[in-house]
Enquirer: 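Dropping the structure in here first, questions after.
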Protein chains: 2
Amino acid sequence: MMQLKNQVEWALHCCSVLAALPEGKTVPAKVLAEFHGVPREYLAKAMQGLAQAGIVAGTLGPTGGYRMAKDPSDVSFLDIVEAVEGKKSTFACSEIRMKNPCMTKQERKCVGERPCGIAKVMWDADEAWREHLRGVLLSDLVAAVGEEVPSEVLVKGEAWLNDRC
Amino acid sequence: MMQLKNQVEWALHCCSVLAALPEGKTVPAKVLAEFHGVPREYLAKAMQGLAQAGIVAGTLGPTGGYRMAKDPSDVSFLDIVEAVEGKKSTFACSEIRMKNPCMTKQERKCVGERPCGIAKVMWDADEAWREHLRGVLLSDLVAAVGEEVPSEVLVKGEAWLNDRC
DNA sequence: CCTTTACGGATACTATATATCCGAAATAGA
DNA sequence: TCTATTTCGGATATATAGTATCCGTAAAGG
Ligand code: SF4
Ligand code: SF4
C-alpha cells in the first residue's frame, strides 16, 4: 500500500502544537495523546523519534514533558517526516540484473558498476518528494493554522492545555 | 518502511524487455520470470496488473504470452508503477481533528469542512513524486538501456529469449 | 485430444506496522 | 528523604500488509 505510518500525522500535529506554545512551556506525551485522541504509549515512540532528531526536547519529572528544541522556522516537514519514518528510499533495488541467466560473471560485474536507468528515475522521484517537503517549514504550518482555525477554537484549545500542564 | 513492492521493480524490467521486442512477438510469464530470476507465480500477478491497466496484453495458448498493448512512448513510469502498486496517496489522513476533546460537534464540522494545511502539503509532495514519474516514458528507458548496456550483452539476451519463445 | 498459456480466487507464510508493557533514570515537590 | 511524575529504551504481543504458492477455469495452438 506504500503508506506512511500514522505516527507521521501525529508527529506533525504535535509539532504544530508545541511550536505555538509560549516560551519555556512543556507538554507531556500523555496530554498530547489525549488532545489528539491517540494511544499514549505509541505516540510516545514518535515523540522519542523527534527528540532523537533534535527537533523536540523532552524534560523529565513532574512539570516535565516536551518542548521545541529548534525554532519552528528552522524545522521542515521533511525533518519531521524523516524523524519518525526513516530516510530510506521508497524504491528498493534488488539488483535484479545480477540474477540474469544469460550473463557471465564478468558481464554482471560490468553492468553492476554502471548507473541503472530504472533506479535513477525512481530515486529522482523520491528526491522530488523530499524537495517539496523540505520547502515547507513548521512555521508555515503554524501560520496556516492561525489563519484557518477560528480563533475561538484556538483559545479553547489553549485553555484546555493550560488546564493540565 | 514506506517501500514500493518488489513487483514494481519487476514490472519495470519486464516492460523494458517487452518494449524492445520485435512486432508481434510474445513472451510468457514463465520466461520473463526465469530471465529475471524471480518467482514465476508472483510475477504473474504483477503482469496481470499491467494487463488490467491496458499496458500489456496477454494472449492465451501455446506460443502465447505477453506483448505491449501500447506504444512505449505512450507509457510513463507512473502508469507502470500505479498499475501494480495502486493509486493511493502515501499520506493517509485519519481526521485527527475530529477527535479533539476541546471542540463542540459544530466546531468539528466547521473545521472538517476547511482544507487542511498538513494534508495539503503531504498530498502536494505525492503529486510532485507522481509528476516526476509521469515525465519519464518507457521509450526513454528502452533508449537508456540501449546506450548503457553493452551490445554483446543485449544480443545474448535476445538470443536467450528467442531460444525459448 | 493434449499441451500450453493467461486469468482469478483461495490459501499459507513472512515482514512490518500498530499497540502495550515494563524497568530504569531523572526531577520536582511534599 | 520520600513520593509522584516524566522521558527513555527495550521487550513483547497483535493486526495488517507484503510475499509466495496452489488450484481450477477458459482459451488457443499443434
Ligand atoms: S537494473 Fe536497476 S532497478 Fe533493476 S536491479 Fe539493477 S539497479 Fe535495480
Ligand atoms: S488536520 Fe489535516 S492531517 Fe490532521 S487529521 Fe485533519 S485533515 Fe488529517
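In the text below, chain A, chain B and the rest are named by the order of the sequence lines, each starting its count at 1.
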Enquirer: Table please: side-chain donor-acceptor pairs of residues 120-127 of chain A below 3.5 Å, with sequence neighbours left out.
Expert:
from	atom 1	to	atom 2	distance (Å)
Lys120(A)	NZ	Asp124(A)	OD2	2.7
Trp123(A)	NE1	Ser89(A)	OG	3.3
Trp123(A)	NE1	Phe91(A)	O	3.3
Asp126(A)	OD1	Thr90(A)	OG1	2.7
Asp126(A)	OD1	Trp129(B)	NE1	3.2
Asp126(A)	OD2	Ser89(A)	OG	2.7
Asp126(A)	OD2	Thr90(A)	N	2.7
Asp126(A)	OD2	Thr90(A)	OG1	3.1
Glu127(A)	OE1	Arg130(A)	NE	3.1
Glu127(A)	OE1	Arg130(A)	NH2	3.0
Glu127(A)	OE2	Arg134(A)	NH2	2.4

Enquirer: Within this structure, what is the CD1-to-P distance between Ile96(B) and dT18(C), rounded to whole angstrom?
Expert: 12 Å
Enquirer: Along nucleotides 3-16 of chain C, 5' to 3', which nucleotides get a B, which get an S, and which get a -, given that the test is a protein heavy-atom distance under 4.0 Å?
Expert: BBBBBBB------S
Enquirer: Between Ser73(B) and Leu137(B), is there a donor-acceptor pair closer than 3.5 Å when you use the side chain of the first and the backbone of the second?
Expert: no
Enquirer: Between dA17(D) atom P and Asn6(B) atom CG, what is the distance in whole Å?
Expert: 17 Å
Enquirer: State which residue, out of Lys45(A), Met47(A), Glu41(A), Arg40(A), fulfils the side-chain contact (heavy atoms from CB on, under 4.5 Å) condition with Leu43(A).
Expert: Met47(A)
Enquirer: Quickly work out the Tyr42(A) OH to dG9(D) C1' distance and round it to whole Å.
Expert: 16 Å
Enquirer: Kindly say whether Cys116(A) contributes a backbone atom to a donor-acceptor pair with the side chain of Glu148(B) at under 3.5 angstrom?
Expert: no
Enquirer: Can you find a heavy atom in the side chain of Leu138(A) that is under 4.5 Å from one in the side chain of Asp79(A)?
Expert: no
